Undergrad: 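Have a look at this one.
Not measured: the values here are computed from a predicted model. The sequence lines fix the lettering, A, B, ..., with proteins before strands; numbering per chain opens at 1.
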Amino acid sequence: MLGGITFLLMIVSLYLVFVYAPTEELMGNVQRIFYFHVPLAWVAFLAFFVVFLGSIFYLLKKEQREEQFKWDILASSSAEIGVVFSTLVLITGSIWGKVAWNTWWTWDPRLTTTLVLWLLYVAYLILRSYIPEYSNRARFAAVYGIIAFIDVPIVWVSIRWWRTIHPVVFSAKKMTIEPEMFYVLIVCLLTFTLIYFYLLKERINIEKMRNELMKLKEGK
Amino acid sequence: MNQGLTYLFLAYTVIWIAIFFYLLSLSRKISTLRKEIDSLKK
């Protein structure tokens with residue numbers, strides 16, 4: 001059901017991006033990268049926020065092993081998806097930058113803080129894979145997941161706090177894009193949010209199956 | 001303009017390939033785990 005709705009919305013999004021959305025005057029067609037680049041970044045932030053929440057609840061549910069296990073699964077699954085999407089944010093941003101700034105990479109505050117964010121969560125996944133004992137792994141990951149989240153609001157405010165060449169699309173004072181472009185962006189944001197929940201559901205299923213398999217092996 | 005289209009195509013191709021392979025890896029893991037669980041249950 002969720003997969004079907006997501007697929008349909010993706011078709012609608014592609015139609016809106018390539019047919020309905022007007023061509024931007026200065027950048028031309030390459031500006032259309034924006035309609036997927038921003039939702040990719042939104043999903044990465046959402047995924048890392050879920051890691052943050054999962055980590056907090058893991059530490060709060062000290063005496064309930066089953067509950068702890070669920071929150072840890074949620075956090076680790078969301079971190080993996082967040083890394084996939086933040087990788088795509090960096091790649092699509094780099095492609096956009098090549099056209100807009102004539103360079104694949106520049107140490108701009110937004111780009112640098114996003115790279116740091118990506119490294120933090122890659123390290124989170126590596127940390128998890130290096131600690132063999134489950135409760136130690138989950139506890140360390142939970143503490144790390146809370147601390148690493150500090151970089152998410154820093155990425156968000158980086159283009160407001162520091163001098164930057166990265167465009168500011170959303171500001172409290174005014175909208176910097178045309179209404180048609182804004183509607184397309186909203187549909188794309190919704191589509192990518194559904195993709196995130198679909199992937200999260202599948203990823204959590206894998207962890208549940210791994211747990212079931214482990215119990216079956218222990219029982220034999 | 002043509003150069004812009006090339007970069008646009010490149011960006012969307014990267015996105016689709018990455019999402020496709022991630023989905024593929026998830027579904028492969030699920031089917032492998034399901035087979036192992038079924039064989040242990042028998």
Undergrad: Give, as side chain, backbone, both or neither, the part of Leu88(A) having an atom under 4.5 angstrom from any heavy atom of chain B.
TA: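 Side chain of Leu88(A) only, per the 4.5 Å heavy-atom cut-off to chain B.
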Undergrad: Please report the interatomic distance CD1(Ile30(B)) to NZ(Lys208(A)), rounded to the nearest 0.5 Å.
TA: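 Ile30(B) atom CD1 to Lys208(A) atom NZ measures 11.5 Å (nearest 0.5 Å).
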Undergrad: Please rank Gln31(A), His37(A), Met10(A) by heavy-atom pairs under 4.5 Å with chain B and give me the top one.
TA: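 Result: the option with the highest number of such pairs is Met10(A).
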Undergrad: Considering only heavy atoms from C-beta outward, does the side chain of Leu33(B) approach that of Ile206(A) to under 4.5 Å?
TA: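 Yes, their side chains come closer than 4.5 Å.
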Undergrad: As a quick check of understanding, evaluate side chain to side chain contact (heavy atoms under 4.5 Å, CB included) for Leu23(B) and Leu199(A), giving each step before the final call.
TA: CA-CA 8 Å; Leu23(B) 267 171; Leu199(A) 292 173; 3.6 Å; yes
Undergrad: Nearest 0.5 Å, please: how far is OG in Ser39(B) from CG in Leu216(A)?
TA: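 Leu216(A) CG to Ser39(B) OG: 9.0 Å, rounded to 0.5 Å.
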Undergrad: May I ask you to check whether over 12 heavy atoms, not counting those of Glu25(A), lie within 6.0 Å of atom CD?
TA: no
Undergrad: How about residues 103-123 of chain A versus chain B: which residues have heavy atoms under 4.5 Å apart?
TA: Trp104(A)
Undergrad: Does atom OH of Tyr183(A) have more than 12 heavy-atom neighbours, drawn from other residues, nucleotides or ligands, at distances under 6.0 Å?
TA: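 Result for OH/Tyr183(A): open.
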Undergrad: For Tyr22(B) and Glu202(A), run side chain to side chain contact (heavy atoms under 4.5 Å, CB included): C-alpha distance rounded to whole Å, both residues' side-chain angles, the deciding distance at 0.1 Å, then the answer.
TA: CA-CA 11 Å; Tyr22(B) 186 58; Glu202(A) 295 296 302; over 6 Å; no
Undergrad: How far does OG1 of Thr32(B) sit from CE of Met209(A), to the nearest 0.5 angstrom?
TA: 9.0 Å
Undergrad: In terms of ring plane angle, is the pair Phe36(A) and Tyr12(B) parallel, tilted or perpendicular, where the classes change at 30° and 60°?
TA: tilted
Undergrad: Is the count of non-hydrogen atoms from other residues, nucleotides or ligands lying under 6.0 Å from Phe140(A) atom CZ greater than 12?
TA: no
Undergrad: Is Met214(A) in contact with chain B via its backbone, its side chain, both, or neither, using a 4.5 Å heavy-atom distance?
TA: neither
Undergrad: So which heavy atom on Ile95(A) is nearest to which on Tyr7(B), and how close?
TA: CG2-O, 3.4 Å
Undergrad: What's the spacing between Ile15(B) CD1 and Thr92(A) OG1 if we round to 0.5 Å?
TA: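 So the CD1 of Ile15(B) and the OG1 of Thr92(A) are separated by 5.5 Å.
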Undergrad: Any residues in residues 70-87 of chain A near chain B, with a heavy-atom distance under 4.5 Å, and which are they?
TA: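 So far as heavy atoms go, Glu80(A), Ile81(A), Val84(A) are the residues that approach chain B to under 4.5 Å.
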Undergrad: What is the distance from atom CG of Leu8(B) to atom CZ of Phe18(A), rounded to the nearest 0.5 Å?
TA: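 Taking CG in Leu8(B) and CZ in Phe18(A), the distance rounds to 5.0 Å.
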Undergrad: Distance check, rounded to the nearest 0.5 Å: Ile37(B) atom CD1 versus Lys217(A) atom NZ?
TA: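 Here the interatomic distance stands at 9.5 Å.
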Undergrad: Under a 4.5 Å cut-off applied to non-hydrogen side-chain atoms, are Lys29(B) and Arg210(A) in contact?
TA: yes
